[in-house]
Protein chains: 2
Amino acid sequence: MYKQLKLDHQLCFRLYAAARMVMQAYTPLLHNLGITYPQYLVLMVLWENDGQPVNDIAHRLLLETNTVTPLLQRMEKEGLVTRHRGTVDKRQQIVSLTQKGKELEESASAVPLGLGKRMASCPMKLDDYILMAQQLDSIVEALKEDKTAKQK
Amino acid sequence: MYKQLKLDHQLCFRLYAAARMVMQAYTPLLHNLGITYPQYLVLMVLWENDGQPVNDIAHRLLLETNTVTPLLQRMEKEGLVTRHRGTVDKRQQIVSLTQKGKELEESASAVPLGLGKRMASCPMKLDDYILMAQQLDSIVEALKEDKTAKQK
DNA sequence: ATCAATTGCATCGCTCGCGATATAAAATAT
DNA sequence: ATATTTTATATCGCGAGCGATGCAATTGAT
């Protein structure tokens, strides 16, 4: 009746579905490495810059610290990272890669290509890819602003 | 070191982040209606076509039934839907809207516009919107095929 | 008609994701 | 210097989301 409520007219459902499908496509690849998709994201953050406080990791991934803390605890239990109190600010937990965590980077370097193969039937050209990345960024930016605005 | 592992080069992270941010933007709007985002999706499916088995709802939303079953149980507890054994196939649970569930449609019809306001600062034109919807569809299609292919 | 394979749904166990709340450390105010 | 506020992290409770497993109804094979 209300055409704005039709599922097929909604961008949000497509985003929701696509994000889950992509995560599912990653799962078997990451399973070989013994990690989950959010853990893979944390590792990418640390591979770029090792030894960050919980807050920085959370901000980078647009997650709350109460999501990241248990995630890191599980990763610590798996021997991927260590956590130490910050020396300057004793409230901070500085998260660092273990040897095992560092060594994972090399095996993980094959993951993006592996995903590419699964997307082979997807008719996206490089231009489409870049445009889409920009559009997603603009959505994220708009909603980040909106979110901080509401917090005031 | 491995540039393919840089977070900023990955479409998947943008998708993941954007999907979560959009869901977060919906949350306050849906909270007024007493429902969550996945429950909103189930209701949209039923508003389009009332009285569907669990499997059809799950397929429409690209979810597994073991996600949808508990979701429906919570919605039944909230008095939004009822579940009855199918008469033709007794394995099926036919899910139908209650009066409360039906009445929610009218209040929900304002939700998409409400979200539009939150996205006001997002510089997307109608053409961008349509193109993005198509691209997301092609990603979902490609990964659906890949998924069913692997199942064989 | 009988037996085997498939299908539809439910249950269990685990990881996320987040709002609400708690606690200690740091920054700021007075 | 002390009191107040803010910040960084942790904990709790709940709703997803999904792989694995179980069970009953249905379908297919012989």
Side-chain angles (χ1 to χ4, degrees), chain A residues 16-28 30-31 34-42 52-59 61-78 80-81 83-95 143 147 150-152, chain B residues 13 16-28 30-31 34-42 52-59 61-78 80 83-95 143 147 150-152:
Chain A
Y16 166 81
R20 277 187 306 100
M21 298 298 279
V22 170
M23 243 195 288
Q24 284 177 28
Y26 270 97
T27 300
L30 297 177
H31 188 75
I35 55 176
T36 64
Y37 183 72
Q39 289 172 8
Y40 173 61
L41 294 180
V42 169
Q52 294 187 53
V54 175
N55 223 5
D56 289 13
I57 299 174
H59 267 102
L61 300 179
L62 301 177
L63 289 166
E64 304 298 319
T65 68
N66 56 357
T67 297
V68 176
T69 293
L71 187 51
L72 290 171
Q73 288 170 341
R74 287 186 288 270
M75 293 176 73
E76 189 173 35
K77 204 178 289 177
E78 293 294 322
L80 296 168
V81 301
R83 300 184 304 151
H84 299 292
R85 284 279 158 205
T87 47
V88 196
D89 187 335
K90 288 177 187 165
R91 292 170 303 180
Q92 292 184 335
Q93 285 276 17
I94 306 298
V95 182
L143 292 175
K147 192 178 173 186
K150 301 278 155 147
Q151 279 171 355
K152 285 173 187 171
Chain B
F13 171 61
Y16 165 81
R20 278 188 304 104
M21 298 298 279
V22 170
M23 242 196 288
Q24 283 177 30
Y26 270 97
T27 299
L30 297 177
H31 188 76
I35 57 177
T36 65
Y37 182 72
Q39 290 173 7
Y40 173 61
L41 294 180
V42 169
Q52 296 187 54
V54 175
N55 224 5
D56 289 13
I57 299 176
H59 267 103
L61 299 179
L62 301 176
L63 288 167
E64 304 298 320
T65 66
N66 56 358
T67 298
V68 176
T69 293
L71 187 52
L72 291 170
Q73 288 169 342
R74 287 186 288 269
M75 292 176 75
E76 189 174 35
K77 204 178 287 176
E78 293 294 322
L80 296 169
R83 299 184 304 153
H84 299 294
R85 283 279 158 205
T87 48
V88 196
D89 187 333
K90 288 177 187 165
R91 292 171 302 180
Q92 293 185 332
Q93 284 276 17
I94 307 297
V95 182
L143 292 175
K147 193 179 175 184
K150 302 280 157 153
Q151 278 171 356
K152 285 175 188 171

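Just so it is clear: chains get the letters A, B, ... in the order the sequence lines come, proteins before strands, and each one is counted from 1.
Rounded to an integer number of Å, the gap from B:Arg85 CZ to D:dA25 C1' is 9 Å. Remark: P of D:dA10 and NE2 of A:His84 are 13 Å apart, rounded to the nearest angstrom. One can place CD of B:Gln92 at 14 Å from P of D:dA25, the figure rounded to the nearest angstrom.
Counting only heavy atoms from C-beta outward, the side chains of A:Gln93 and A:Thr69 never approach each other to under 4.5 Å.
If you walk DNA chain C from 5' to 3' and mark each nucleotide with an atom closer than 4.0 Å to a heavy atom of chain B, the marks span C:dT7 to C:dC18.
Interatomic distance, A:Leu61 CG to A:Asp56 CG, rounded to the nearest 0.5 Å: 11.0 Å. Annotation: the span from B:Arg83 atom CZ to B:Ile94 atom CD1 amounts to 11.5 Å, rounded to 0.5 Å.
With A:Met75 as reference, A:Leu80 is the one residue of A:Val68, A:Leu80, A:Thr36 to meet the side chain to side chain contact (heavy atoms under 4.5 Å, CB included) rule.
In this structure, the salt bridge (Lys or Arg N to Asp or Glu O under 4.0 Å) partners of A:Glu64, at least two apart in sequence or on a different chain, are A:Lys147. In this structure, the side chain to side chain contact (heavy atoms under 4.5 Å, CB included) partners of B:Leu30, at least two apart in sequence or on a different chain, are B:Tyr26, B:Leu33, B:Ile35, B:Tyr37, B:Tyr40, B:Val111. Judged as a side chain to side chain contact (heavy atoms under 4.5 Å, CB included), and not counting sequence neighbours, the contacts of B:Pro70 are B:Gln73, B:Arg74. Under the side chain to side chain donor-acceptor pair (under 3.5 Å) criterion, A:Asn55 pairs with no residue, sequence neighbours left out.
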### Task
For nucleotides 12-24 of chain D, just jot down a letter per nucleotide in 5' to 3' order: B, S or -, based on protein non-hydrogen atoms under 4.0 Å.
---SSBBBB----
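Nucleic acid contact class of B:Val88 (heavy atoms, under 4.0 Å, all strands): sugar-phosphate only.
Between B:Asp89 and A:Val54, the residue anchored closer to the 5' end of DNA chain D is A:Val54, taking for each the nucleotide with the nearest heavy atom.
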